[in-house]
Amino acid sequence: MKERLQALQAEALTKVEEAATLSDLQDIRVAYLGKKGPITEVLRGMGKLSKEERPVIGELANKVRETIANELDAKKEKLEAAGLEKRLEKETLDVTLPGRPVQVGGPHLLTSIVEEIEDLFIGMGFEIKEGPEVETDYYNFEALNLPKGHPARDMQDSFYITEELLMRTHTSPVQARTMGEYKGNKPVKMICPGKVYRRDTDDATHSHQFTQVEGLYVDKNVRMSDLKGVLNRFAKQLFGEDREIRLRPSFFPFTEPSVEMDISCKVCNGEGCSVCKGTGWIEILGGGMVHPRVLEMAGYDPKVYNGFAFGMGPERIAMLKYGVDDIRHFYTNDVRFLQQYHKA
Ligand SMILES: [Zn+2]
């Protein structure tokens, strides 16, 4: 029995020595040390041995097991190390190779313009307010001095959802909501950027969905010259310090008096060209002094408070600033168009 065990050990160690892969080692481990292996078999036959022989053989069998197991482990480590070495050799990185460029996205041109406008007004102490795009008839029209049946409602063809709910046609309802929130006893200085919706046939200058940024300043002793000052700063910062502005009388139901603001044409410097249709001026936005009725409906006493409001279309501003010729470019999301305006 002793010889059998020694022979088994020698045989197993030779095989371990010759093993070339980890799976070879696993096979050897199962074959020699497994439950059905020859060593287990030897141990099973121990019952036939004499009392004196039993512990001697037992000890030897355990020793043989241990030796084979140790050799297996040592060889395994060796094979693994060699494998790693090989892999490292194969997978060597050439750090001098140029990298693959990663496609980097950027904000949409409209997002950039809106953020630019926001930054400008935040700098002048305005806060940014948001409101729902599905709006009630009350906030969208009535609170802004446009009662049911008012002819000026026709200026804004609307998407109605029910009799009383519609897709907001301008961001002005956010102004009415904010004034309501401040309960008529606190100054309001806010801008509200957001999407608005009108029933329009889409073409180069019209879109049924577009963006607005409106502003509102309500306090005691707000004057028209304050509005002019704010709009002048806005125009110069967005379009260049050399731009001039002019205010023309206009009409909006929610402001009185109402104005429209033009900036001097950059292309011809006021001489008149095709861009400004020969006038030397380009229309940018509308505004005016908040109508007393609007203040009253929001809970502000028009004898104590007054204010100005204005509204602009970031699409139009982006089109003028960057020479975009079709409003639909903003919404068709052609990457070739959008990428031109990604800032590095
Ligand atoms: Zn011009």
Side-chain angles (χ1 to χ4, degrees), residues 107-121 123-124 155-156 170-171 191 193 195-196 198 200-215 224-252 255 257-289 308-332 334 336-344:
H108 192 284
L109 174 55
L110 264 183
T111 308
S112 308
I113 285 281
V114 170
E115 281 174 0
E116 198 179 335
I117 296 170
E118 284 176 354
D119 284 349
L120 166 66
F121 282 102
M124 289 194 279
M155 284 162 69
Q156 304 182 0
H170 44 191
T171 51
I191 61 164
K195 289 195 197 91
V196 300
R198 289 189 198 175
D200 238 333
T201 309
D202 294 2
D203 61 24
T205 51
H206 296 86
S207 172
H208 62 281
Q209 180 215 297
F210 56 101
T211 320
Q212 264 193 349
V213 178
E214 293 194 22
M224 190 89 178
S225 54
D226 295 321
L227 171 65
K228 190 172 178 182
V230 165
L231 295 183
N232 191 36
R233 184 86 294 277
F234 158 78
K236 286 191 157 54
Q237 195 145 333
L238 247 88
F239 293 99
E241 291 296 332
D242 53 343
R243 295 301 96 198
E244 296 297 324
I245 67 161
R246 75 171 183 189
L247 301 179
R248 282 180 293 108
S250 183
F251 168 78
F252 302 108
T255 45
S258 304
V259 291
E260 269 176 89
M261 184 185 85
D262 300 337
I263 57 165
S264 55
C265 177
K266 197 176 187 162
V267 180
C268 63
N269 251 322
E271 297 282 311
C273 68
S274 64
V275 174
C276 56
K277 297 187 185 106
T279 63
W281 296 94
I282 292 170
E283 188 192 321
I284 294 287
L285 55 78
M289 300 306 287
F308 65 70
F310 56 86
M312 64 186 85
E315 282 91 346
R316 180 165 171 75
I317 288 164
M319 286 168 90
L320 287 170
K321 194 169 170 173
Y322 295 107
V324 178
D325 60 356
D326 194 319
I327 195 170
R328 288 168 291 195
H329 287 317
F330 295 114
Y331 298 107
T332 42
D334 185 331
R336 291 167 303 178
F337 167 75
L338 297 173
Q339 270 173 343
Q340 301 173 73
Y341 304 101
H342 287 174
K343 290 180 188 131

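When a residue number appears, it is its place in the shown sequence, counting from 1. These numbers were taken from a predicted model, which means no experiment stands behind them. Just follow the structure's listing: the first ligand is 1, and inside any ligand the first atom is 1.
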Practice item. Would you check, one step at a time, whether the test side chain to side chain contact (heavy atoms under 4.5 Å, CB included) holds for Ile113 with Thr211? Key: CA-CA 11 Å; Ile113 285 281; Thr211 320; over 6 Å; no
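Listed by chain and number, Cys265 SG, Cys268 SG, Cys273 SG, Cys276 SG are the protein N/O/S atoms closer than 2.8 Å to the Zn ion (ligand 1), with waters left out.
Enclosure of atom CD in Glu271 is not indicated, since only 12 or fewer non-hydrogen atoms of other residues, nucleotides or ligands lie within 6.0 angstrom. Within a 6.0 Å sphere centred on NZ of Lys228, other residues, nucleotides and ligands contribute 12 heavy atoms or fewer.
Contact of the Asp203 side chain with the Thr205 side chain is registered, since non-hydrogen atoms from C-beta on lie closer than 4.5 Å. Looking only at side-chain heavy atoms (C-beta outward), Phe308 and Thr255 stay at 4.5 Å or farther from each other.
At distances below 3.5 Å, at least one donor-acceptor pair connects side-chain atoms of Glu214 with backbone N or O atoms of Thr171.
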